[in-house]
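Worksheet: the structure to be examined is printed underneath.
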Amino acid sequence: MKLATWNVNSLAVRLPQLLDWLNAEAATSPVDAVVLQETKLTDDKFPRAEIEAAGYQVHFHGQRTYNGVALLSRGAAPLDVVKNIPGLDDAQARVIAGTVHGIRVIGGYFPNGQAPDSDKFIYKMRWQDALHDWVKAELAQHPRLVLMGDFNVAPDDRDVYDPVGWMNQIHCTPQERAQFQRLLGLGLVDAFRLFEQPVKSWSWWDYRNLAFRKNQGLRIDHILVSEALRSQVQACVIAKAVRKNERPSDHAPVLVQLGPA
DNA sequence: ATGACTCCCAGTGGGAGA
């Protein structure tokens, strides 16, 4: 079972790359479930037919210009689909969840936060509080759970190309990192760090400053797996090659391979 | 460096992203 998350930064622009990437992955083993972020499409404009033609069932929750998430499931339809965090009054489309092949999959596009002294940062903290409480409840019901997406948090200095320059900046504040640790405290583990990884592994590179060419980035896209799944995790990688596309997203996909129970 | 790039909605510029 292979699961993946990717912030596409506009699915209208990135649909060809999405289909190419899924096709390329299938050469080794097909991705069974995918969560997408920043689709930036209202539901009436979502390219359902193209994604279904690639062999996926798809659910989506979008809006104009910003945000927007989707859940792709190869073959079988996801069960018990949830859009946004139940109980949180939120105008922004940031969460989609469903049960895929017996695993509860939650895809999230965490708020950016803009700056630590901004109203958007306050929203980011409030949103993460709500997510934490909801994921706790989901875990009680679904011990086999994966929470993945664009967290907009670099959990550790080794997830930042310039930790001194980024100190206390957005994505690296103690408050954001504490929120990340709170999620782990629910009984989740950062799948990427279960394995020895290359130093300077990032999932996002700024479009500016030749950042990708210089490998100046952040690791802000994550896959957290529950304790019940931990022993099944066989690999977790960042598909850096996808960032080399002619017209790339600023994020690369992150994938996790789960073996049999 | 208040920049840089990309996307969007707009409309010959500006906000947001991270």
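Atoms CD (Q92(A)) and P (dA16(B)) sit 11 Å apart, rounded to a whole Å. Per the geometry, CG belonging to L41(A) stands 11 Å off C1' belonging to dC8(B), to the nearest Å. dA16(B) atom C1' lies 12 Å from atom CG of N152(A), rounded to whole Å. Rounded to whole Å, atom C1' of dG17(B) lies 11 Å from atom CZ of R94(A). With rounding to whole Å, L11(A) atom CG is found 13 Å from dC7(B) atom C1'. Regarding K45(A), its NZ atom lies at a distance of 14 Å from the C1' atom of dC7(B), rounded to whole Å. Distance D150(A) CG to dC7(B) P: 16 Å, rounded to the nearest Å. dC9(B) atom P lies 12 Å from atom CG of N9(A), rounded to whole Å.
Residue Y207(A) places its side chain closer to dT6(B) than to any other of dT6(B), dC9(B), dA4(B). Between dA18(B), dT6(B), dC7(B), one nucleotide has an atom nearer to the side chain of S10(A) than all others, and that is dC7(B). Side chain of R208(A), nearest nucleotide from dA10(B), dC7(B), dC5(B): dC5(B). When distances run from any side-chain atom of L218(A) to the nucleotides dT6(B), dA18(B), dC7(B), the shortest one goes to dA18(B). Comparing atom distances between the A12(A) side chain and each of dC9(B), dC8(B), dG17(B) picks out dC8(B) as nearest.
Atom CG of L145(A) is separated from atom CG of L186(A) by 9.5 Å, given to the nearest 0.5 angstrom.
Taking only side-chain nitrogens and oxygens, S249(A) never comes nearer than 4.0 Å to OP1 or OP2 of dT6(B). OP1 or OP2 of dA18(B) has at least one side-chain nitrogen or oxygen of H251(A) nearer than 4.0 Å. Side-chain nitrogen and oxygen atoms of N7(A) include at least one within less than 4.0 Å of the OP1 or OP2 phosphate oxygen of dA18(B). For Y161(A) and dA18(B), the shortest distance from a side-chain N or O to OP1 or OP2 is not below 4.0 Å. A sub-4.0 Å separation between OP1 or OP2 of dC7(B) and a side-chain N or O of R247(A) is present. Residue K120(A) places at least one side-chain N or O under 4.0 Å from the OP1 or OP2 atom of dG17(B). Considering only side-chain N and O atoms, R14(A) lies under 4.0 angstrom from the phosphate OP1 or OP2 of dC7(B).
At the heavy-atom level, L210(A) lies nowhere under 4.0 Å from the strands shown. Heavy atoms of E38(A) sit under 4.0 angstrom from primed sugar atoms or phosphate atoms, though from no base atom.
Positionally, the nearest nucleotide of DNA chain B for T65(A) lies more toward the 5' end than for the other of W204(A) and T65(A). Heavy-atom nearest nucleotides on DNA chain B were determined for P248(A) and for Q114(A), and the one closer to the 5' end corresponds to P248(A).
Applying side chain to side chain donor-acceptor pair (under 3.5 Å) to N7(A) and the options R14(A), E38(A), Q37(A) leaves one that passes, E38(A). Of the options R94(A), H132(A), Q92(A), a side chain to side chain contact (heavy atoms under 4.5 Å, CB included) to W127(A) is made by R94(A) and by none of the others.
Ring-centre distance between H222(A) and F180(A): below the 6.0 Å cut-off.
In the model, K124(A) has no side-chain atom that pairs as donor or acceptor with a side-chain atom of N152(A) under 3.5 Å. Side-chain contact of S249(A) with Q17(A): a donor-acceptor pair under 3.5 Å is absent, judged by distance alone.
Remark: side-chain polar atoms of Q63(A) are not paired, donor with acceptor, to backbone N or O of K40(A) under 3.5 angstrom. In this structure, the side chain of Q232(A) engages the main chain of G259(A) through a donor-acceptor pair within 3.5 Å.
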What's touching nucleotides 12-14 of chain B from the protein side, N or O pairs under 3.5 Å?
none

